[in-house]
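Notes for the one structure printed next.
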Protein chains: 2
Amino acid sequence: MTDRRIDVRSPVPAYQQLADSLRQRIGAGEWPTGPLPSIEHLQGEYGIGRDTVMRAIKILADEGIVYTIPRRGTYVTRKDHE
Amino acid sequence: MTDRRIDVRSPVPAYQQLADSLRQRIGAGEWPTGPLPSIEHLQGEYGIGRDTVMRAIKILADEGIVYTIPRRGTYVTRKDHE
DNA sequence: AGTAATTTGTTCGTATGTATC
DNA sequence: AGATACATACGAACAAATTAC
């Protein structure tokens with residue numbers, strides 16, 4: 001089970017906490033084929049704002065874990081695509 | 001006469017102002033049978049963006065004043081339909 | 001029957017304003 | 001002053017269903 005809550009009192013920024021959470025969920029095998037939930041959906045799911053979600057996704061994209069197709073969605077990078 | 005302008009300097013969000021305007025116009029008897037103007041039309045009429053229009057329509061839909069048929073249009077809820 | 005236009009649905013990109021720490 | 005964060009807002013692009021011709 002992965003924690004979907006953000007601790008606003010934590011010294012760890014919310015966008016970092018979200019990146020950690022998404023990294024775990026991806027590692028656990030969520031969204032193997034299709035796209036991740038949309039920014040708006042993640043906003044609602046985690047109770048956070050838009051730019052926080054976008055920052056988290058950018059972290060994962062910089063790590064090569066996901067890639068974003070504009071106006072399509074964000075996808076998990078397949079291993080045979082590395 | 002119903003005001004069709006959005007005051008961008010108002011603390012009231014544009015989508016709320018639009019919802020108020022549409023609610024008044026519906027109450028005044030506009031669009032008794034047919035659908036409301038399309039999103040694109042309302043964008044032009046009020047000089048606002050797409051998501052602002054959609055948020056306003058969602059407010060009215062949540063209030064039960066209108067209902068949207070996907071890819072058809074948004075209709076005023078008839079009283080004998082309540 | 002078939003193609004183009006219309007319309008809503010969805011999504012990311014970007015910008016601004018405000019508040020907080 | 002700067003980083004973080006939320007809300008609002010416009011734009012652009014594409015999908016999918018419906019309608020018009």
Side-chain angles (χ1 to χ4, degrees), chain A residues 3-23 25-26 30-31 33-77, chain B residues 3-23 25-26 30-31 33-77:
Chain A
D3 197 351
R4 283 171 178 71
R5 286 165 308 177
I6 303 296
D7 181 5
V8 293
R9 295 179 314 286
S10 167
V12 180
Y15 65 85
Q16 189 64 61
Q17 293 181 53
L18 175 58
D20 294 341
S21 176
L22 292 178
R23 200 183 297 104
R25 294 175 70 181
I26 290 169
E30 287 195 61
W31 320 300
T33 58
L36 268 62
S38 70
I39 291 175
E40 194 171 351
H41 184 97
L42 290 172
Q43 280 186 244
E45 184 172 1
Y46 284 88
I48 55 183
R50 184 180 184 81
D51 63 352
T52 304
V53 175
M54 293 191 70
R55 283 185 184 216
I57 290 175
K58 186 178 187 308
I59 288 175
L60 300 182
D62 288 344
E63 294 173 352
I65 296 174
V66 301
Y67 61 98
T68 298
I69 303 175
R71 283 110 199 171
R72 291 288 295 279
T74 298
Y75 296 80
V76 179
T77 305
Chain B
D3 197 349
R4 283 173 179 71
R5 287 166 306 178
I6 302 295
D7 180 5
V8 293
R9 295 180 314 287
S10 167
V12 180
Y15 67 85
Q16 189 64 61
Q17 293 181 53
L18 175 59
D20 294 343
S21 176
L22 293 177
R23 200 183 296 104
R25 294 174 70 182
I26 290 169
E30 288 195 60
W31 320 300
T33 58
L36 267 63
S38 71
I39 292 175
E40 193 171 351
H41 183 96
L42 291 172
Q43 281 186 243
E45 184 172 2
Y46 285 88
I48 54 183
R50 183 182 186 78
D51 64 351
T52 305
V53 175
M54 292 190 71
R55 289 175 78 160
I57 290 175
K58 186 178 186 308
I59 287 176
L60 301 181
D62 288 345
E63 294 174 352
I65 295 174
V66 301
Y67 61 97
T68 297
I69 301 176
R71 282 106 197 174
R72 290 283 295 280
T74 299
Y75 296 80
V76 179
T77 305

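Residue numbers begin at 1 in each chain, while the letters A, B, ... track the order of the sequences.
Between the side chain of Gln43(B) and the main chain of Val53(B), no donor-acceptor pair closer than 3.5 Å is present.
Side chains of Leu18(B) and Ile59(B) form no contact here, defined as non-hydrogen atoms less than 4.5 Å apart. Side-chain contact check for Thr74(A) versus Trp31(A): every heavy-atom pair is 4.5 Å or farther apart. Taking the side chain as every heavy atom from C-beta outward, Met54(A) and Ile57(A) never approach each other to under 4.5 Å.
First and last contacting nucleotides of DNA chain C toward chain B (any atom under 4.0 angstrom from a heavy atom, 5' to 3' order): dT7(C) to dT10(C). On the nucleic acid side, DNA chain D contacts chain A at distances under 4.0 Å to non-hydrogen atoms, with the end points of that region at dT4(D) to dA13(D).
The CZ atom of Arg50(B) sits 11.0 Å away from atom CG of Leu42(B), with the distance rounded to the nearest 0.5 Å. Atom OH of Tyr15(A) sits about 11.0 Å away from atom CG of Asp51(A), to the nearest 0.5 Å.
For Glu40(B), the salt bridge (Lys or Arg N to Asp or Glu O under 4.0 Å) test picks out no residue, with sequence neighbours left out. Here Arg55(B) pairs with nothing under the salt bridge (Lys or Arg N to Asp or Glu O under 4.0 Å) rule; sequence neighbours left out.
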Verdict with reasoning, Tyr46(A) to Thr52(A), per side chain to side chain donor-acceptor pair (under 3.5 Å): CA-CA 10 Å; Tyr46(A) 284 88; Thr52(A) 304; over 6 Å; no
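Within residues 49-59 of chain A, the residues that have a heavy atom under 4.0 Å from DNA chain C are, in order of number, Arg50(A), Met54(A). Listed by residue number, Ser38(B), Ile39(B) are the residues of residues 37-44 of chain B with a heavy-atom contact under 4.0 Å to DNA chain C.
Looking at every heavy atom in both residues, Ile6(B) comes nearest to Ala14(B) through CG2-CB, 3.7 Å. Ala19(B) approaches Ala56(B) most closely through the heavy-atom pair N-CB, 3.8 Å. Closest non-hydrogen pair, Ile65(B) versus Arg23(B), comes out as CD1-CG, 3.6 Å.
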